[in-house]
Amino acid sequence: MSYISEVIEMTERKNPGEPEFMQTVREVLGTLAPAVEQNEEVLRKNCILERMVEPDRQIIFRVPWTDDKGVNHVNRGFRVQFNNAIGPYKGGLRFQPNVNLSVMKFLAFEQTFKNSLTGLPMGGGKGGSDFDPAGKSDAEIMRFCYSFMMELYRHIGPDVDVPAGDMGVGAREIGYLFGAYKKIRGAYENGVLTGKGLSFGGSLIRPEATGYGATYFFKEVLEHLGDSIEGKTFCLSGFGNVAWGAALKIDALGGKVVTLSGPDGYIYDPDGVKGEKIDYMLEMRASGRNVVKDYADKYGCEFVAGKKPWGNVAADVYMPCAMQNEIRIEDAKAMVANGIKYLNEVSNMPTTNEALTYLQANGVIVAPSKAVNAGGVAVSGLEMSQNSGRLAWTEKEVDDKLQFIMKGIHSQIISALSAYGMDYNLVAGANLAGFKKVADAMIAQGLN
Ligand code: GLU
């Protein structure tokens, strides 16, 4: 049996009931054959694959909190510190009812490769809770965040682990989490979390970074293929911070966004989501209602209940910005039938492995999320640099660095592919490039 198959089988055996984690392990390891074949003896001797699929540690804790009626609740908190070979653990916190250990491990595993691609010294981690922020008051959110940090603080620190936001954790939650950390530790400690408010160490462009970075990366892909964003139509899912940043940058570069989605369905706006309609996305998010239908009601366009745009709307580019596994095999088939040429993955692991294989076999160019959405964590890395240097860079300084980083990710992928004599397969290239750096660091640091 090959080294890769042995490790996949072992991981399967050790992690029963963790479908999301196994999905990403299979997807990533499944593309590493060229690197493993070239260097198998050294990789085996150092147990590189075995160590890469085993988190450094997985922390699970109780989070008790009291609601506004005085009723007590208990949620489960997580922090998975996956790999710190190239820098302190870094990755977001997700508050969502479907958070469990498998979801945390898949995100932390992906984060290790993603962070490696940014070129910045950041390892991979992820955390969160099965707490549902929907419909909670500000005071409830604050009490939950304080309780969450009562345990998390002992596991994090500016040189240890630097959390940030993810789904359900935005500027407000980061503010409360930071406030709690600072109170407990009695020190600023280089800001500890990223995604902070501008008045206490946050970076300009951080809110836009994931969406901007995703568009910059896609621009590189198109330029490589002799094409451009100008005049292309884009189907987006989601309507949160990530989709907002992407809509802003796609519009600025001459593309047209025609769909957004929410848990209630999707909207189709053939005139394009632009100008004040993009600002309205922020209003919809802030309302806490978590429905995209409000957009259709306000601007008089079509709303399709209970569906995603995938396969239902013709466009040049699909850009999922909502969550994992939102594109399944039936969507992939409809996409190919509709002549979709590009899938620019923004949300983490939005495509099932089966759908991904089908799309690639049918000539769809797939840009993988660990490269596409790396701009978010990259600007978090820039926030860390500013905090530790007591600096506040201008919008232009941060944006220029972000563009440079996204360009660099694309060229690392190209170099990895050419080193192994491979065609333009962005999924394999991103995995191979991310793997090489982390593996080299692990070998250099010995067995730990
Ligand atoms: N949650 C984001 C991600 O998936 C950002 C993480 C960060 O900024 O640390 O990469």
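Counting convention: from 1, in listed order, for ligands and their atoms alike.
Looking at ligand 1, you won't find any N or O of Val162 less than 3.5 Å from one of its N or O atoms. Polar contact check, Asn373 against ligand 1: no nitrogen or oxygen pair lies under 3.5 Å apart.
Nearest to atom 9 (O) of ligand 1 among the protein's heavy atoms is Lys90 NZ, 2.7 Å. The single protein non-hydrogen atom nearest to atom 3 (C) of ligand 1 is Lys114 NZ, 3.3 Å, given as residue, atom name and distance. Considering only non-hydrogen protein atoms, atom 8 (O) of ligand 1 sits nearest to Ser380 OG, 2.6 Å. The protein atom (non-hydrogen) at minimum distance from atom 1 (N) of ligand 1 is Asp166 OD2, 2.8 Å. Remark: minimum distance from atom 6 (C) of ligand 1 to any protein heavy atom is reached at Gly92 N, 3.6 Å.
Look at Arg206 and Glu383 and you find no salt bridge, because none of the NZ, NE, NH1 or NH2 atoms lies under 4.0 Å from a carboxylate O. Ionic pairing of Arg26 and Glu12 is present here: one or more N-O contacts between side-chain nitrogen and carboxylate oxygen are shorter than 4.0 angstrom. Using a cut-off of 4.0 Å between Lys/Arg side-chain N and Asp/Glu carboxylate O, Glu223 and Lys219 are scored as salt-bridged. Between Asp331 and Lys308 no salt bridge is recorded (no basic side-chain N to carboxylate O distance below 4.0 Å).
Side chains of Pro158 and Val192 form a contact here, defined as non-hydrogen atoms less than 4.5 Å apart. Within the 4.5 Å cutoff, the side chain of Glu20 has no heavy atoms near those of the Thr24 side chain. The closest side-chain heavy-atom distance from Leu432 to Met422 is below 4.5 Å. The closest side-chain heavy-atom distance from Met442 to Asn46 is not below 4.5 Å. No side-chain heavy atom of Phe106 sits under 4.5 Å from any side-chain heavy atom of Val25.
Heavy atoms of Met384 found under 4.0 angstrom from ligand 1: none, in either backbone or side chain. For Arg94, no heavy-atom contact with ligand 1 is shorter than 4.0 Å. Only the side chain of Asn348 comes within contact range of ligand 1, with a heavy atom under 4.0 Å; no backbone atom does.
Seen from the ring of Phe131, Lys136 counts as a face-on cation partner, given the 6.0 Å and 45° thresholds.
Close contacts of ligand 1 with Ala164, meaning ligand atoms under 4.0 Å from a residue heavy atom, involve 7 (C), 8 (O), 9 (O). Contact atoms of ligand 1 toward Gln111: 3 (C), 4 (O), 6 (C), 10 (O) (distance under 4.0 Å to a heavy atom of the residue).
Under a 4.0 angstrom heavy-atom cut-off, Gly165 registers as being in contact with ligand 1. Under a 4.0 Å heavy-atom criterion, Met122 is not in contact with ligand 1. Within the 4.0 Å heavy-atom cutoff, Arg206 counts among the residues contacting ligand 1.
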